[in-house]
Amino acid sequence: MTNQYVSELTNTAKMMMSEGKGILAMDESNGTCNRRFEKLGIATTEENRRAYRELILTAPNLSDYISGAILYDETIRQSTKDGVSFIKVMQEAGMIPGIKVDTGAKDYAGHPGEKVTEGLDGLRDRIAEYYKMGARFAKWRAVITIGNLIPSDGCIEANAHGLARYAALCQEGGLVPIVEPEVLINGDHSIERCYEVTQSTLHEVFRQLYVQGVAYDQMNLKPSMVISGDNCSSQADVEQVATETIRCLLNTVPPAVPGIAFLSGGQSKERSSAHLNYMNANLRSKLPWRVTFSYARAIQQPALDHWSCKAEKVAEAQKILVQRAKLNSAASVGNYSEEMEKQPVLV
Ligand code: 5MM
């Protein structure tokens, strides 16, 4: 059967990966958003979540660096305090609205310490609703944990199968799927172990995508980087993380995929930019896809800290947010440097 959305999906997938731009992840579920608010003493109300998302989406010039933003179900239904829907704000700024459609990583039966992502039930109908609202891409995150005797083959297979079923439903319904298999940074594992697990995961993800009939040129990949565990005594440097990450992706990701947009996964904001920059500054001639960012914490956290729910801080927090987007935009074309971190933002 011909998919009526083929040309739209192909164009959207490419536009998401526009030169010099990346994707802003702002799809924290209420639980995650509330935990981040609690750390700053912000009341965990729907209105405060709305106000924070308005701060982000109305930040001046954000769309110079951001092609699209991933929203959460609550956020996609919200509006500015003046009553303009967030979808309209994004469309008018030239940012593509995206939506997180998984319902979270849950304990994987019979596999202590491992998770499997849920959300396939009713997904076709939810995709139809989001498309009607104006969303043009979606995101589903699978979580792979490295530990003693894990990940299991079953965990990798179940998560890859879920990602592929989700991606097929998205393409059927006109949304470009972002396929996000995150190998968690948490643990004392080496970068070599992270490479092995990431390679196995990506091989299985693309096998399952093929089996489920997903078109590689109508999707984008959001992987974690190949990196030392956060508690590993020997930490790989920027060059090693960048080169091992690209080596792993070249061995697993078909060139037909338009782009790779990394998650930051708990790396510092500076390291997230430096790793991405090294890939684009030094390895670009090897890359068949565009390589950019889809960070949440590495873009949002400094702005959230500064705002801390104070109305008088909104404009400054927006400048801080846009500065991080700008630095990552520079990294996405290999023009970022540590010196840029010293530029005054609030003058
Ligand atoms: C890994 O998380 C994604 C990227 O964020 P970072 O750059 O901070 O690692 C992010 O899109 C994540 O999927 C959302 O924040 C949603 O998280 P929850 O756990 O609330 O579904």
Side-chain angles (χ1 to χ4, degrees), residues 16 22-39 44 46 49 52-53 56 65-76 96-107 115-119 123 126 135 137-146 159 162-163 166 176-187 194 198 201 205 220-227 229-230 241 245 259-276 291-305 321 324-325 327-329 331-332:
M16 290 162 69
I23 294 166
L24 176 61
M26 50 180 291
D27 60 318
E28 298 84 1
S29 53
N30 289 350
T32 304
C33 186
N34 290 346
R35 275 195 294 282
R36 291 182 187 159
F37 277 13
E38 274 164 7
K39 280 191 187 155
T44 56
E46 180 174 350
R49 291 191 296 272
Y52 176 56
R53 267 64 182 255
I56 295 176
Y65 314 109
I66 298 294
S67 59
I70 316 167
L71 309 177
Y72 179 58
D73 181 75
E74 177 181 271
T75 318
I76 200 170
I96 310 166
I99 180 74
K100 183 240 288 296
V101 299
D102 66 71
T103 55
K106 308 285 164 55
D107 287 345
K115 302 275 183 194
V116 64
T117 300
E118 296 185 352
L123 183 54
R126 288 194 288 130
F137 71 93
K139 195 208 85 169
W140 175 294
R141 170 175 170 249
V143 177
I144 304 294
T145 308
I146 302 180
N159 276 295
L163 278 166
Y166 137 82
V176 171
I178 292 185
V179 171
E180 181 180 4
E182 177 177 10
V183 176
L184 293 179
I185 198 170
N186 312 99
C194 181
T198 307
T201 302
V205 165
N220 283 305
L221 181 72
K222 175 166 172 169
S224 40
M225 295 183 195
V226 173
I227 195 164
D230 58 356
V241 170
T245 299
I260 312 272
F262 289 105
L263 57 89
S264 57
Q267 299 178 48
S268 71
K269 58 188 190 311
E270 295 85 0
R271 271 302 182 104
S272 303
S273 301
H275 290 146
L276 178 63
V291 172
T292 187
F293 60 91
S294 177
Y295 300 155
R297 284 163 288 181
I299 291 184
Q300 289 185 46
Q301 197 61 48
L304 175 60
D305 292 345
L321 178 87
R324 272 293 7 123
L327 295 186
N328 285 305
S329 158
S332 81

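Remember, predicted model here, so these are calculated numbers, not experimental data. All ligand and atom numbering here is 1-based and tracks the order in the structure.
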Novice: Can Arg324 and Ser273 be counted as having a side-chain donor-acceptor contact under 3.5 angstrom?
Specialist: yes

Novice: Looking at atom 14 (C) of ligand 1, what's its closest protein heavy atom, distance included?
Specialist: Asp27 OD1, 3.2 Å

Novice: Using 4.0 Å as the upper bound for N to carboxylate O, is an ion pair formed by Glu28 and Arg53?
Specialist: yes

Novice: Of all the heavy-atom pairs spanning Ser224 and Val183, show the shortest one and how long it is.
Specialist: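 Scanning both residues, the minimum pair turns out to be OG-N, 3.0 Å.
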
Novice: Distance check, rounded to the nearest 0.5 Å: Gln301 atom CD versus Leu321 atom CG?
Specialist: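 Here the rounded value is 11.5 Å.
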
Novice: In the protein, what heavy atom is nearest to atom 19 (O) of ligand 1, and what distance, to one decimal place, separates them?
Specialist: Thr32 OG1, 3.3 Å

Novice: Considering the heavy atoms of Ser29, write down every atom of ligand 1 situated less than 4.0 Å from one of them.
Specialist: 18 (P), 20 (O), 21 (O)

Novice: Give the residue and atom name of whichever protein heavy atom lies nearest to atom 15 (O) of ligand 1, and the separation in Å to one decimal.
Specialist: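 Checking every protein heavy atom, the shortest distance to atom 15 (O) of ligand 1 gives Glu28 CG, 3.5 Å.
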
Novice: Considering only the protein, which heavy-atom contact is closest to atom 9 (O) of ligand 1, and what is its distance?
Specialist: Gly265 N, 2.7 Å

Novice: Can you figure out which of Gln267, Lys139, Glu182, Lys100 has its heavy atom closest to atom 13 (O) of ligand 1?
Specialist: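 Ranked by closest heavy atom to atom 13 (O) of ligand 1, first place is Lys139.
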
Novice: Which residue in the set Thr198, Thr117, Thr201 passes side-chain contact (heavy atoms from CB on, under 4.5 Å) when paired with Pro181?
Specialist: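 When side-chain contact (heavy atoms from CB on, under 4.5 Å) is applied between Pro181 and each of Thr198, Thr117, Thr201, only Thr201 qualifies.
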
Novice: Can you name the atoms of ligand 1, numbered from 1 with element, that are less than 4.0 Å from a heavy atom of Tyr295?
Specialist: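 Result: 7 (O).
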
Novice: Where is the nearest protein heavy atom to atom 5 (O) of ligand 1: which residue, which atom, and how far?
Specialist: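 Ranked first by proximity to atom 5 (O) of ligand 1 is Ala296 CB, 3.2 Å.
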
Novice: Among protein heavy atoms, which sits nearest to atom 7 (O) of ligand 1, and what does the distance come to when rounded to 0.1 Å?
Specialist: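 For atom 7 (O) of ligand 1, the nearest protein heavy atom comes out as Ser264 OG, 2.5 Å.
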
Novice: Side chain, backbone, both or neither: which applies to Arg141 and ligand 1 if a contact is any heavy-atom pair less than 4.0 Å apart?
Specialist: side chain

Novice: Using 0.5 Å steps for rounding, measure from the CD atom of Glu118 to the CG atom of Asp107.
Specialist: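 Glu118 atom CD to Asp107 atom CG measures 9.5 Å (nearest 0.5 Å).
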
Novice: For atom 4 (C) of ligand 1, find the nearest protein heavy atom and state the residue, atom name and distance (0.1 Å precision).
Specialist: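 Nearest neighbour among protein heavy atoms for atom 4 (C) of ligand 1, to 0.1 Å: Lys222 NZ, 3.6 Å.
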
Novice: Between atom CD of Glu38 and atom SG of Cys33, what is the distance when rounded to the nearest 0.5 Å?
Specialist: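 Atom-to-atom, Glu38:CD and Cys33:SG are 10.0 Å apart.
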
Novice: Starting from atom 8 (O) of ligand 1, which protein heavy atom do you reach first, and at what distance in Å?
Specialist: Arg297 NE, 2.6 Å

Novice: Taking heavy atoms and a distance under 4.0 Å, where does Ala25 meet ligand 1: side chain, backbone, both or neither?
Specialist: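 The answer is the side chain.
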
Novice: Rounded to the nearest 0.5 Å, how far apart are CD1 of Ile299 and CG of Leu304?
Specialist: 13.5 Å

Novice: Search all heavy atoms of Asp230 against all heavy atoms of Gly187 and return the closest pair with its distance.
Specialist: OD1-N, 2.9 Å

